[in-house]
Amino acid sequence: MHLKQIAPTRYDIWFLPLGGTGEIGMNMNLYGHAGEWLMVDCGIGFDSENGRNSYIADAEFIEKQASSLQALVITHAHEDHIGAIIELWPKLKVPIFATPFAIEMIFNKLSKEPWLAQVPLHIVNFNQSYQLGSFSVTWLPLPHSIPESSALLIETDIGNILHTGDWKKDSNPVLGLPFDKAIFSALKKLPIDVLVADSTNATKLGQSVSESSVYPDLLKTIQAQTGRVVVTCFSSNVARFVTLVRIAHKLKKRCAVFGRSLENMVSIARRLGYWPEELELVDPKHIGYLPREEVMVIATGSQAEPRSATQKLALGYHPWLFLEPGDSIIYSAIKIPPNRKAIDEQIMHFKNQEVNVIHADDSKQNGLVLHASGHPCQQDLLTFYGLMNPKMLIPTHGENEHLSAHKNLAEKAGIEKVLAGENGDLFKIKPFAKKLDHWVAVNKIQVG
Ligand SMILES: [Zn+2]
Ligand SMILES: [Zn+2]
């Protein structure tokens, strides 16, 4: 009988996604070499039906052999990349490596856990290599929609991987480092044996819009409102808050932040030097007493999350502010498909109160840019791949339609080998490219 080989030898490099490949969210990836494993990201996912239940990937495969897991390395601090650490760390007991912003966010999330003191949290620097067992890992800066997003260069003695994480090609991301072509074109000579890459916007033609390009249209839109203005956006997009507070200052409005996750984010950004000191915020409890035309609020809840500040404003029970006819709500975010129904209901509540509603998705049709995605479109992907000429590509971070669009694009770009699959498939990179379907049984575990 032929027995299944369950551990990578020193002649193997394996990639095994347990979450995030064939779906949006819940990213959890394993790389295997020389009897050892490295985990990249450990995130949470949300229900595709109504977006209200949260899930993590079934990590039983690696829990059973946690002693061969060298480290958990984090690409960036979004929930779909760090949100499962709180559930899984006690089972894995693995050292965690991440940039300062992500470490701060992880620390915050784990702050009430009695085991926090046992977690080895290691802060890494960009462009510096860390030897983690038989893997050498280097964090390379890439713009995204949260500070310090990184691609990971993972080198072994027999081959090299570039894991992109979430990224966009942005030459002016407002905060943090711009896209640096030189970093990635230098990888050509390694060479890169496999590129494991973000597929979120692989179905979209053209180039993604720069984070800096939302400023003029948001300014114009906010300036045109006569009453109070509330803007809601994703609570981890620090660059967007900075843009919004700059606009408030320019228009001589006084700006407050509503919602715990936003308050947390601003204080982390301040601690790490990402918040421009001249941008002052007013005490949110005082905002309701100011003249209407001076009031601007940035609020959590662009996805109509049940207890968010925007939802409380929509239902008229926010403790600090009651919106009146003629006030405005601006959604500087997309409607994520599972949340569409809840957002539309929220919008209806605002309209019933005669509050003006402006949504980035609708404004786009009128040529107004009120939101910029944090992911690369087709032209960006092609430019990126041209810089390093990877020998092989594995599309990840997307549903099947995104993965297959990405596969087609990469094949057209002339990448020799493109393997698309899903969670639980084993992708052999060395000694030769091969995909073994359903190699590990994968399930979703509901956590909330
Ligand atoms: Zn992501
Ligand atoms: Zn992300």
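Whatever order the structure lists ligands and atoms in, that order sets their numbers, starting from 1.
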| field | Angular separation of OD2 (D166) and NE2 (H144) seen from the Zn ion (ligand 2), to 10° | value | 100°
| said: Report the atom name of the nearest N/O/S atom of H78 relative to the Zn ion (ligand 2). | reply: ND1
| query | Should E416 and K391 count as side-chain neighbours, where that means a heavy-atom distance under 4.5 Å? | reply | no
| So, K417 and E411, do they make that salt bridge, N to O below 4.0 Å? | no
| request: Could you go through the side chain to side chain donor-acceptor pair (under 3.5 Å) check for Q65 and W37 one step at a time? | output: CA-CA 9 Å; Q65 43 177 333; W37 294 96; 3.3 Å; yes
| query | Do NZ/NE/NH1/NH2 and the carboxylate oxygens of K168 and D198 come within less than 4.0 Å? | reply | no
| query | Counting backbone and side chain alike, does H76 bring an N/O/S atom below 2.8 Å of the Zn ion (ligand 2)? | reply | yes
| So which of the N, O or S atoms of D80 lies nearest the Zn ion (ligand 1)? | OD2
